[in-house]
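The next block holds one structure in the form of structure tokens; read it before the comments.
Not measured: the values here are computed from a predicted model. Chain naming here is simple, since letters A, B, ... match the order of the sequence lines and numbering starts at 1 in each.
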Amino acid sequence: MRRTLRAMADQARTWNRRRKLNRLATHLVLGLFSLVSVTPYLWLLSTSLKFRKEVFTPTPQWIPWPINLGNYTEVFDRAPFGTFLVNTVIVVSGILAVQLVTVTLAAYVFARRSFRGANFLFLLFLVQMMIPIHATFLPNFLTLRNLDLLNTRVAMMVPFFASGYGTFLLRQAFKQVPRDLEDAAVIDGCGGLRFLWHVLIPLARPTLVAFALISLVSHWNDYLWPLIVTDTPDVRTLTIGLGMFVQQESGADWTLLMAATAFVTAPLMGIFLVFQRKFIESFMFSGLKG
Amino acid sequence: MSDSTALAAPESLVARAQALAATWRFRFRGGGTYLYLLPSLAFLALFTYYPIGFSAYLSLFRWNVLNPEKVFVGLQNYLGLWQEPLFWLVLRNNLFYALGTIPTTMALALFVAVLVNQKLGAARSLYRVALFYPTMIPMVAAAMLWVWIFNPGIGLFNYYTSFLGVPRIEWLYDRHWALPAIIIMSIWKNFGYFMLIYLAALQGIPAELHEAASLEGAGAWRRFWTITFPLLMPASLFVFVVAIISSFQVFDQVFVMTQGGPADQTNVLTFYIYQHAFRFWDIGMGATLTTIFVCLLLALILVVFRYVGRRVYYEAD
């Protein structure tokens with residue numbers, strides 16, 4: 001009896017030790033991955049704070065000393081990054097505002113009503129997810145030229161006003177609202193748009209927030225389309241501004257280029273670090289749900 | 001007398017009017033269904049579906065700087081591309097990029113997600129942020145940053161890999177290494193997003209399954225292959241489809257890092273279309289390439305869903 005007890009205790013101890021060892025190994029591996037992942041961005045910040053000649057060292061100098069904030073002011077002197085930022089905010093929020101309307105209306109109908117052609121129409125929405133702007137930018141450019149909209153902020157927004165992805169996401173959320181609730185609402189004279197506004201939208205708020213974040217991030221990062229439809233700095237966005245800045249400086253001055261790059265990434269990065277949990281959950285659960 | 005009938009049947013009249021109003025309301029609401037869809041459908045039609053048809057139509061014409069008048073040429077643009085070695089090089093580059101990024105990204109994402117999914121305490125959210133943040137960086141900015149890191153003389157990459165015995169490489173200036181450089185950068189940029197999707201799927205696997213298997217004496221390795229991996233199949237399919245679509249969209253990196261060079265070794269389909277349309281102003285050829293691109297995307301997705309999707313266990317929604 002005593003022997004078996006001792007054997008069991010031994011067993012438990014080895015298990016415990018093994019579990020601790022496993023955990024340590026996990027932390028080591030993840031730490032290594034995280035380090036590799038974080039290194040480029042830290043290097044970006046470090047370079048952007050250096051003086052020009054301190055970049056040319058045989059071994060990487062991680063701590064910039066003395067710190068030089070002048071790169072950031074110089075970037076602003078050379079290109080209108082303030083205008084680029086304002087344009088980006090306008091374009092990104094414009095896209096989102098229209099998307100929220102189109103997406104909620106469509107998702108409501110697909111989730112709560114049966115009608116002729118519903119499956120086919122829904123398929124049309126789904127296929128849009130698979131046809132990115134990269135596959136239609138040439139004909140879309142010609143369309144906007146015919147509409148005389150080239151080189152405007154609207155041109156940068158308009159192809160993204162409908163979102164198959166957003167419709168799909170929100171339809172799933174609306175579907176989860178029980179049928180009885182709608183019946184009760186209709187009997188109380190709260191059907192259609194009012195039901196959508198007072199019941200469905202509040203209940204689907206997490207999904208709406210998730211979609212909004214994803215939309216903001218992806219259009220903040222748009223490059224190809226704004227590149228094609230704009231040709232003057234007064235309407236250009238941050239990403240295009242950065243691309244132009246690189247060509248204008250022809251890649252010679254790394255401290256300046258990195259300061260410009262850091263500035264372009266800063267707004268989203270800042271918001272992300274503050275609201276990281278919300279961001280991560282949004283990206284996490286809107287990928288697969290449904 | 002008409003008066004008396006009118007007075008005699010006010011109730012039935014009211015009832016009839018109400019019934020009529022109700023039917024109309026119902027009909028209107030039925031029509032309303034399509035009204036709700038109208039805004040989305042209008043934009044979809046104008047900017048997704050019409051362009052596909054329009055570029056298919058334009059692909060049948062010669063229309064460029066030298067021939068400003070559209071001339072119908074049938075399938076000549078397609079035949080021209082078939083005989084163009086650069087077109088095949090571009091497709092090869094796309095394939096190379098897909099093969100270089102997708103399996104590595106998926107494997108790394110899955111591996112790291114399984115580790116992050118363990119009980120790690122407060123460190124866990126730190127890892128998540130550190131691994132996911134590249135998703136927040138615009139691709140252009142990330143590309144710019146990596147041009148600096150791949151700098152042959154004083155770049156970080158050559159410096160640190162030299163400790164691993166890797167010889168100094170010219171990376172973006174070397175025709176053999178430019179595309180791998182872009183691949184390495186893209187893996188760094190995209191892997192966090194895929195890890196997160198795997199993480200979401202992992203949290204959907206009930207812990208009891210693992211507990212039961214442990215009690216039966218299954219080790220971690222065995223449990224991964226018999227429980228985790230099969231249950232992750234829908235997530236893997238999703239990741240795979242997203243990865244394929246986005247691998248054929250690669251443009252920003254190429255535009256910033258190499259402009260397709262050196263010697264077109266990093267020229268990819270989207271950049272090739274861009275060149276034809278906005279550098280050579282050859283709309284006919286650009287439209288032809290666009291049409292090929294759309295067909296290629298749809299065919300790939302169809303194949304994935306038919307041959308991979310069928311074997312995947314799906315939960316009903």
Side-chain angles (χ1 to χ4, degrees), chain A residues 26-27 29-30 33-34 37-38 40 43-44 47 55-56 60 101-102 105-106 108-109 113 115 121 124-125 128 130-132 134-136 138-140 143 158-159 161-162 167 192 217 220-221 223-224 228 239 242-243 246 254 257-258 261 264-265 268-269 272 276 280 283-285 287-288 290, chain B residues 29 32-33 36-37 39-40 43-44 47-48 51-52 54-55 112 115-116 118 120 123 127-134 136-141 144-146 148-149 154 156 159 188 193 196-197 199-201 235 238 245 249 251-252 256 270 273 277-278 286-287 290 293-294 297-298 301 317:
Chain A
T26 309
H27 277 294
V29 174
L30 284 177
F33 267 94
S34 303
S37 175
V38 167
W43 188 232
L44 163 80
T47 309
V55 165
F56 300 95
V101 176
T102 58
L105 290 178
Y108 164 63
V109 170
R113 292 189 184 176
F115 53 96
L121 288 174
L124 282 185
F125 278 70
Q128 193 226 11
M130 291 150 198
I131 303 178
H134 300 71
T136 52
L138 172 57
N140 279 338
T143 304
V158 82
F161 279 167
T167 311
V217 171
W220 190 282
N221 297 348
Y223 187 66
L224 171 63
I228 288 165
T239 48
L242 179 63
V246 172
W254 287 108
L257 287 178
M258 288 305 113
T261 309
V264 168
T265 60
L268 270 194
M269 201 59 89
F272 169 63
Q276 54 97 0
I280 286 182
F283 275 82
M284 207 157 147
F285 290 106
L288 260 193
Chain B
R29 203 175 274 172
T33 300
Y36 285 94
L37 290 176
S40 288
F43 288 115
L44 280 185
F47 292 102
T48 302
I52 295 174
F54 189 43
S55 47
V112 174
L115 293 187
V116 174
Q118 269 150 12
L120 297 170
Y127 292 137
R128 286 201 313 192
V129 170
L131 296 163
F132 178 71
Y133 86 95
M136 293 296 137
I137 300 177
M139 188 53 101
V140 191
M144 205 48 240
L145 165 57
W146 279 79
W148 170 220
I149 287 172
I154 46 172
L156 219 52
Y159 179 77
W188 168 81
Y193 173 67
L196 220 55
I197 293 182
L199 206 52
F238 176 83
I245 299 176
Q249 284 172 37
F251 176 88
D252 306 1
V256 172
T270 47
I273 301 176
F278 298 102
T290 301
F293 185 36
V294 172
L297 269 183
L298 292 181
I301 287 154
D317 84 287

**Study point:** Proximal component of A:Thr143, with respect to chain B [non-hydrogen, under 4.5 Å]
**Key:** side chain

Point to revise | Residue pair B:Leu199, A:Phe283: steps toward the side chain to side chain contact (heavy atoms under 4.5 Å, CB included) verdict | key: CA-CA 11 Å; B:Leu199 206 52; A:Phe283 275 82; over 6 Å; no

Review point. Are any of the side-chain heavy atoms of B:Trp148 and A:Leu257 separated by less than 4.5 Å?
Key: no

Review point. Heavy-atom distance under 4.5 Å to chain B: side chain of A:Leu30, backbone, both or neither?
Key: both

**Study point:** Proximal component of A:Gln128, with respect to chain B [non-hydrogen, under 4.5 Å]
**Key:** both

Exercise for review: Kindly state whether the ring of A:Phe33 and the ring of B:Tyr127 have centres lying under 6.0 angstrom apart.
Suggested key: no

**Study point:** Within-4.5 Å side-chain heavy-atom neighbours: A:Thr136 and B:Phe47
**Key:** no

Review point. Looking at B:Met136 and A:Met269, what are the two nearest heavy atoms and their distance?
Key: CB-SD, 4.4 Å

Check your understanding: Where does A:Val101 contact chain B at under 4.5 Å (heavy atoms): side chain, backbone, both or neither?
Key -> neither

Check your understanding: Going through the distances and angles, do A:Ile280 and B:Val129 end up as a side chain to side chain contact (heavy atoms under 4.5 Å, CB included)?
Key -> CA-CA 8 Å; A:Ile280 286 182; B:Val129 170; 4.3 Å; yes

**Study point:** Segment of A:Tyr108 engaging chain B (4.5 angstrom heavy-atom cut-off)
**Key:** side chain

Check your understanding: Can B:Met139 and A:Tyr223 be said to form a side chain to side chain contact (heavy atoms under 4.5 Å, CB included), step by step?
Key -> CA-CA 8 Å; B:Met139 188 53 101; A:Tyr223 187 66; over 6 Å; no

Check your understanding: Quick one: what part of A:Val38 sits under 4.5 Å from any heavy atom of chain B, side chain, backbone, both or neither?
Key -> both

Review point. What closest approach, in Å, do A:Met284 and B:Ala200 show between heavy atoms, and which atom pair accounts for it?
Key: O-CB, 3.4 Å

Practice item. Apply ring-ring contact (aromatic ring centres under 6.0 Å, His included) to B:Trp146 and list each qualifying residue two or more places apart in sequence or on a separate chain. Key: B:Phe150, B:Trp188

Exercise for review: For B:Ser55 and A:Pro139, indicate whether the former's side chain and the latter's backbone hold a donor-acceptor pair under 3.5 Å.
Suggested key: no

**Study point:** Within-4.5 Å side-chain heavy-atom neighbours: B:Ile137 and A:Phe272
**Key:** no

Check your understanding: Can you name the nearest heavy-atom pair linking A:Ala162 to B:Ser40, along with the distance?
Key -> CB-O, 3.5 Å

Practice item. Among the options B:Phe132, B:Tyr133, B:Phe54, B:Phe293, pick out the one with the most heavy-atom pairs lying under 4.5 Å from chain A. Key: B:Tyr133

Practice item. Could you have a look at A:Thr167, A:Ile228, A:Val55 and say which one has the most heavy-atom pairs with chain B under 4.5 angstrom? Key: A:Ile228

Point to revise | Shortest non-hydrogen contact from A:Ala135 toward B:Val294 | key: O-CG2, 3.6 Å

Check your understanding: Looking only at heavy atoms, which two atoms of B:Leu44 and A:Leu124 are closest? And how far apart?
Key -> CD1-O, 4.2 Å

Revision key, fill the gap. Closest heavy-atom pair, A:Met130 versus B:Leu297, reported as atoms and distance to 0.1 Å, is O-CD1, 3.5 Å

